[in-house]
> 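Sharing a structure below in structure tokens format, with a few things to ask.
On a predicted model such as this, the values are computed, not experimentally measured, just so you know.
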Amino acid sequence: MQIIACPTCEQDVQWDMNRLQKLGEQWVMACEKCGDPFFSVSGEEKEMILEGIRLTVAYVPDIIHAYHSEDVKNLPSRVGFEKHGKMGL
């Protein structure tokens with residue numbers, strides 16, 4: 001979940017796809033404090049976002065968990081880059 005500010009009352013609102021409500025042809029998220037809608041998508045856009053979330057959960061590794069499960073004591077704490085000649089295009 002991400003927190004964003006309502007443009008009407010500036011209340012911090014948790015952005016969560018589960019809070020979308022159908023309003024006519026659009027799916028909207030309203031501010032918990034003032035009730036003004038601050039985010040809306042079409043049904044097709046909503047499904048595309050949800051499919052993107054499902055694919056991300058299924059195929060993108062949990063980097064933080066993977067990092068904590070590794071023996072990081074032996075890993076370098078700095079990353080460096082070296083220049084190796086000219087590259088032609």
> Examine L20 and I53 and state if one hydrophobic cluster contains both, with Ile, Leu, Val, Met, Phe, Trp and Tyr joined whenever side-chain heavy atoms are less than 4.5 Å apart.
yes

> With a cut-off of 6.0 Å (strictly less than), are more than 12 heavy atoms of other residues, nucleotides or ligands near CD of Q21?
no

> If every non-hydrogen atom of A30 is compared with every non-hydrogen atom of G35, which pair is closest and at what distance?
CB-O, 3.5 Å

> For the atom pair CD (E45) and CG (L50), what is the distance rounded to the nearest 0.5 Å?
12.0 Å

> Locate the shortest heavy-atom distance separating A5 from E10; write the atom from each residue and the value.
CB-O, 4.3 Å

> Side-chain contact test, heavy atoms from C-beta onward, threshold under 4.5 Å: evaluate it for Q26 versus S42 and give yes or no.
yes

> In the single-linkage hydrophobic clustering (I, L, V, M, F, W, Y; side-chain heavy atoms under 4.5 Å), do L23 and V41 co-cluster?
no

> How far does CG of D12 sit from NZ of K33, to the nearest 0.5 angstrom?
10.0 Å

> Evaluate whether atom CD of E25 has more than 12 neighbouring non-hydrogen atoms of other residues, nucleotides or ligands under 6.0 angstrom away.
no

> So, using ring pair (Phe, Tyr, Trp, His ring centres under 6.0 Å) as the criterion, who are the partners of F39 when residues are at least two apart?
W15

> Working to the nearest 0.5 Å, report the span between CD1 of I49 and CH2 of W27.
12.0 Å

> Closest heavy-atom contact between P7 and F38?
CD-CB, 3.6 Å

